Amino acid sequence: MSYRITGSTGEWEIVVGLEVHAQVISNAKLFSGASATYGGEPNTHVSLIDAGFPGMLPTLNRECVAQAIRTGLGLNAEINLFSRFDRKNYFYADLPTGYQISQFAHPIVGKGVVLVDLADGKTREIGVTRLHLEQDAGKSIHDQDPTRSFIDLNRAGVALMEIVSEPDIRSPEEAGAYLRKLRQILRYIGTCDGNMEEGSMRADVNVSVRKPGETGYRTRCEIKNVNSVRFVMQAIEVEAQRQIEVWEAGREVDQETRLFDHVRSETRSLRSKEDAHDYRYFPDPDLLPLVFEQSWVDELKSGLPELPEAKRERLEQEYGVSRYESGVLTAEQAIADFYEAVARGADARLATNWILGDFFAALNRTGRSIENSPVSAAGLRELLALISDSTINGKIAKEVLEDMVETGETASAIVERKGLRQVTDTGAIENAIRDILTANADKVAEYKSGKDKLFGFFVGQTMKAMKGKANPAMVNEMLKKLLSE
């Protein structure tokens with residue numbers, strides 16, 4: 001059953017579309033040579049073009065165009081060989097020119113699709129309407145002085161990709177899954193770092209509600225600049241509930257732009273929602289239409305890395321991982337690369353279990369990421385090899401991994417230093433077991449009378465006597481033999 005919210009008049013369906021603004025990874029801004037690097041002292045990454053000085057002419061950054069095309073290809077979208085830049089006119093203090101250079105009627109990327117995985121194991125296709133390039137505005141700062149606001153233009157002119165979804169999203173969960181998948185694709189391709197905390201990826205959330213079975217859409221409201229997946233999901237829930245209450249009270253929802261306050265868990269009206277004609281779009285007279293050859297698109301496509309969905313399918317086929325496991329292992333490119341470096345030439349199932357289990361647990365415990373892991377892929381592969389060739393058993397391996405994380409030593413060095421080599425001497429194992437059976441003659445009698453669960457007791461006592469170093473398979477085999485005598 002699809003997601004529903006229940007109001008006083010029954011169930012309601014949510015309809016959501018997302019406009020994601022993703023900052024393009026490039027050294028320079030979209031139309032100037034000023035640095036696009038995040039941070040820096042206020043107003044230090046600003047050219048005369050960014051500051052809106054008269055007579056300054058924009059020059060299009062070729063790499064930003066290439067990044068937009070790469071992203072479009074990653075979204076299985078149409079690449080338009082002809083596109084055009086327009087002026088979107090509106091006044092705001094951090095927009096020095098009084099207009100934003102954007103794309104309206106002729107975007108660089110057309111329709112595409114994003115495949116998302118949901119918690120119940122199902123997948124959904126979310127349509128992409130378009131992707132267009134535009135320049136970012138500056139930043140207004142209101143908390144530095146009690147009577148004045150300040151403007152930082154470092155961000156002004158930075159290249160953004162606005163990725164507009166179809167209104168295909170029907171729940172907060174789907175919105176979260178779409179954002180996470182979109183962020184994953186952008187990071188794999190290397191076109192946006194997806195850092196929502198720094199504002200390099202943020203979303204405008206369009207929400208409306210309707211009764212199940214209704215055709216068409218009711219009035220929507222746009223929630224501006226939501227900067228985390230969790231807040232997007234919360235904002236949808238809160239705004240949908242607000243709209244339901246408005247409709248059920250017999251009133252009309254006004255089309256407007258709203259802000260989400262996550263502290264109070266509410267949305268608040270910001271301004272009436274503008275339509276396209278309010279912005280007075282017209283072609284930018286300082287920029288020629290953007291025209292490029294299909295051969296360039298093909299060249300960019302050939303240079304794309306393996307994308308997440310293709311990587312998942314390959315890992316499932318080559319290494320026998322489950323659908324869930326492949327999702328975790330490909331969440332970040334660095335994780336997938338680490339996994340393959342360990343699993344290649346090793347026991348793939350062992351590698352999967354250890355990486356998803358004890359290794360990830362060690363990273364979480366130490367607050368490390370895969371990029372600065374205290375244990376390298378080669379180091380973990382060596383540890384797994386010691387398990388596979390019976391040098392150590394699984395229990396000892398956990399102890400060795402903890403030492404590797406703390407000391408940075410290799411697995412072999414730790415095993416030798418601490419004398420952890422597994423005992424495979426059948427004579428030594430047999431002697432230990434006979435001592436235990438002699439000391440526990442009463443339990444041997446109970447076992448032979450039908451209390452099979454005591455077998456585990458004998459295994460535990462043997463491993464304890466041999467300080468965990470005995471080969472578990474040999475212990476089991478020898479115990480069965482001696483208990484049957």
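Please read these numbers as outputs of a predicted model, since none were measured by experiment.
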Contacts of Pro283 meeting side-chain contact (heavy atoms from CB on, under 4.5 Å) (sequence neighbours excluded), chain-then-number -> Arg84, Asp86
Sorted by chain and residue number, the side-chain contact (heavy atoms from CB on, under 4.5 Å) partners of Glu306 (sequence neighbours excluded) come out as Ala310, Lys311, Arg314
N/O donor-acceptor pairs under 3.5 Å from side chains in residues 370-381, not counting sequence neighbours:
from	atom 1	to	atom 2	distance (Å)
Glu371	OE1	Ser369	OG	3.1
Asn372	OD1	Ser369	N	2.8
Asn372	OD1	Ser369	OG	3.1
Ser373	OG	Val375	N	3.1
Ser373	OG	Val375	O	2.6
Ser376	OG	Gly379	N	3.0
Arg381	NH1	Ala341	O	2.5

For [X], which residues count as a ring pair (Phe, Tyr, Trp, His ring centres under 6.0 Å) partner, sequence neighbours excluded?
X	result
Tyr188	none
Tyr178	none
Phe282	none

Within [range] or reaching into it, pairs that qualify as ring-ring contact (aromatic ring centres under 6.0 Å, His included) - sequence neighbours excluded:
range	value
residues 47-82	Phe82-His106
residues 196-240	Phe231-His262
residues 145-173	none

By side chain to side chain donor-acceptor pair (under 3.5 Å), Asp168 pairs with (sequence neighbours left out) none
N/O donor-acceptor pairs under 3.5 Å from side chains in residues 54-61, not counting sequence neighbours:
from	atom 1	to	atom 2	distance (Å)
Asn61	OD1	Glu63	N	3.0
Asn61	ND2	Ala28	O	3.3
Asn61	ND2	Lys29	O	3.2

Practice prompt. Using atom types as modelled and distance alone, determine if a side-chain donor or acceptor of Asp152 lies under 3.5 Å from a backbone N or O of Asn43.
Written response: yes
field: Ser200 versus Asn195, side-chain donor and acceptor atoms under 3.5 Å
entry: no
With sequence neighbours left out, the residues meeting salt bridge (charged side-chain N to carboxylate O under 4.0 Å, His left out) with Glu382 are none
Would the Phe85 and Phe104 ring centres measure less than 6.0 Å apart?
-> no
Only one of Thr267, Leu179, Leu18 passes side chain to side chain contact (heavy atoms under 4.5 Å, CB included) with Val205, and that residue is Leu18
